[in-house]
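Working notes for the structure below.
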Amino acid sequence: SVVRQPITNHLDSSYFGEISIGEPPQKFLVLFDTGSSNLWVPSTDCKSPACFNHAKFKPSASSTFSPGGRSCTVSYGSGSVTIALGWDTLRIQSITVTQQEFGLSQEEPTQPFYFADFDGILGMAFPSLAVGGTATALGGMLEQEQLAEPVFSFYFSRQPTYEYGGELILGGIDPRLFQGDIAWAPVTQKLYWQVALEEFAIGQSVTSWCSQGCQAIVDTGTFLLTVPQEYLESILEALGAQETSYGYAVDCADTHSKPHIAFGIGGARLALPPTAYVLNSHGYCTLAMEGTYLPSQDGQPLWILGNVFLKEYYTAFDMANSRVGFAPSA
Amino acid sequence: AVRISLKKGLSIRDKMRAAGVLDDFLRHIKYDPVKKYQPRQG
């Protein structure tokens with residue numbers, strides 16, 4: 001049967017870049033999301049409020065657009081995005097993919113999309129995850145030999161601003177953006193960029209939580225660190241956090257005295273200092289973490305490494321060898 | 001390789017909280033961050 005992925009992505013990430021579609025090019029800001037595989041942008045057919053305040057693709061204004069005659073539904077938690085499929089030229093700077101299949105949104109849920117700073121999503125996970133079996137943008141880039149190497153990598157700035165939050169490198173790795181060696185881990189399930197989490201440590205003590213194996217999804221479309229609910233209590237206790245309606249609150253004054261947390265992946269120990277996992281919003285400090293009740297597909301505890309983690313580790317995604325590499329960010 | 005500069009906007013969560021709709025949204029959709037990854041047989 002067809003695997004339909006209900007992307008109930010809550011899109012709390014907020015890093016995005018520019019693409020264009022059509023001839024002449026129509027520009028869009030998209031979330032480059034390693035946690036999904038569809039490419040879609042709002043269209044002039046869309047009458048939802050979420051489309052009013054975003055750029056919209058106008059098929060009749062593109063001389064190279066061809067309608068696909070199919071539509072599919074990408075479900076995003078609080079509602080579904082209905083997209084009509086079509087083909088047109090996708091451009092990302094010097095990269096050009098002709099006849100790239102993409103979605104033109106017909107209907108979008110106000111929440112969360114009305115509040116998004118980006119217009120659409122460019123999914124960068126595996127083709128098997130694409131709703132409607134549509135061709136992925138990365139697949140088109142590979143097929144039309146638009147990438148110097150079958151690799152892409154992300155650098156997220158530790159001090160992001162609206163103008164500069166980081167960089168996506170399509171077709172390679174930039175040694176100026178990281179330090180030391182890259183630790184590679186094989187993808188364990190070719191739907192997402194999912195790797196084995198060998199161990200989790202708080203300070204110097206390695207917990208036994210992953211002694212039977214854990215999985216971690218590397219997801220640029222998620223902002224926080226997601227930890228299995230069953231371990232959350234212990235983590236809050238170890239990090240001196242209290243649950244409030246605003247999240248897991250900690251005393252800002254204690255931030256620097258808190259322990260590092262570390263993830264064992266690909267034989268390396270990838271540590272996060274407290275300055276990475278404590279968010280300080282106008283003097284109110286919370287842990288950049290949330291819990292999940294759901295395990296990975298094979299039943300092992302599932303963690304999600306979102307932007308909070310990716311700011312500390314430059315991350316490379318090797319499509320040829322289905323592996324993910326991590327190195328401390330420059 | 002092609003370098004795409006990424007902008008960093010406010011997270012959607014922050015904007016929805018500022019608009020006073022976040023709690024209701026999360027309650028309504030029984031939010032779980034991993035729901036995104038639960039492929040369902042079509």
Side-chain angles (χ1 to χ4, degrees), chain A residues 1-18 29 32 35-36 77-78 92-95 111-112 115-118 129 147-149 156-157 160-174 191-192 217 221-224 226 245 290 292-294 302 304, chain B:
Chain A
S1 61
V2 172
V3 171
R4 287 190 193 293
Q5 186 249 353
I7 310 173
T8 50
N9 182 337
H10 302 289
L11 303 170
D12 56 3
S13 173
S14 49
Y15 292 83
F16 43 86
E18 188 175 285
L29 290 176
F32 291 100
S36 67
S78 64
I92 307 177
Q93 294 198 16
S94 58
I95 289 173
Q111 294 167 16
F115 298 92
D117 281 336
F118 48 83
L129 190 63
L147 297 179
E149 291 176 84
F156 290 103
S157 164
T161 63
Y162 180 82
E163 279 315 315
Y164 183 76
E167 298 180 27
L168 161 61
I169 315 287
L170 284 173
I173 284 170
D174 183 342
L191 276 172
Y192 315 100
I217 291 178
T222 290
F223 188 68
L224 300 174
T226 298
S245 57
E290 58 186 344
T292 170
Y293 292 89
L294 298 165
L302 181 60
I304 304 172
Chain B
V2 172
R3 178 188 302 276
I4 293 101
S5 176
L6 299 176
K7 296 181 181 299
K8 163 91 169 72
L10 265 180
S11 87
I12 293 177
R13 211 184 280 241
D14 292 346
K15 292 177 81 172
M16 289 176 71
R17 183 178 285 129
V21 298
L22 179 66
D23 291 345
D24 189 43
F25 171 69
L26 293 180
R27 223 184 344 267
H28 164 66
I29 58 163
K30 298 181 188 56
Y31 174 68
D32 185 302
V34 168
K35 269 205 283 185
K36 164 177 178 177
Y37 312 110
Q38 303 297 306
R40 189 177 342 135
Q41 298 303 318

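Reminder, nothing fancy here: chain letters follow the sequence lines and each chain counts from 1.
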Search all heavy atoms of B:Ala1 against all heavy atoms of A:Ala148 and return the closest pair with its distance.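 Reported closest heavy-atom pair: N-CB, 4.3 Å.
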
For the residue pair B:Val2 and A:Ser94, what are the closest heavy atoms and their distance?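 Smallest heavy-atom distance, with atoms named: CG2-OG, 3.2 Å.
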
Can you name the residues that form a side chain to side chain contact (heavy atoms under 4.5 Å, CB included) with B:Lys7, not counting sequence neighbours?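 B:Lys7 satisfies side chain to side chain contact (heavy atoms under 4.5 Å, CB included) with A:Phe16, A:Tyr162, A:Glu163 only.
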
Please identify each residue that fulfils side chain to side chain contact (heavy atoms under 4.5 Å, CB included) with A:Asp174, with sequence neighbours left out.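 Testing A:Asp174 for side chain to side chain contact (heavy atoms under 4.5 Å, CB included), a comparison that skips the adjacent residues, returns A:Ile169, A:Arg176, A:Leu177, A:Tyr314, B:Arg3.
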
Donor-acceptor check, side chain of A:Asp117 to backbone of B:Lys8, threshold 3.5 angstrom: yes or no?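 Judged by distance alone, no pair lies under 3.5 Å.
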
With rounding to the nearest 0.5 angstrom, report the CG to CD distance, B:Leu6 to A:Glu167.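 If I round to the nearest 0.5 Å, the distance is 7.5 Å.
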
Calculate, to the nearest 0.5 Å, the distance between atoms CG and CZ belonging to B:Leu22 and A:Phe115 respectively.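 Those atoms lie 9.5 Å apart.
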
Report the option among A:Ser157, A:Gly172, A:Ala116 that has the most heavy-atom pairs separated by less than 4.5 Å from atoms of chain B.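 Top option by heavy-atom pairs under 4.5 Å: A:Ala116.
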
Which atoms of A:Leu147 are under 4.5 Å from chain B, going by heavy atoms: the side chain, the backbone, both sets, or neither?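 Neither part.
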
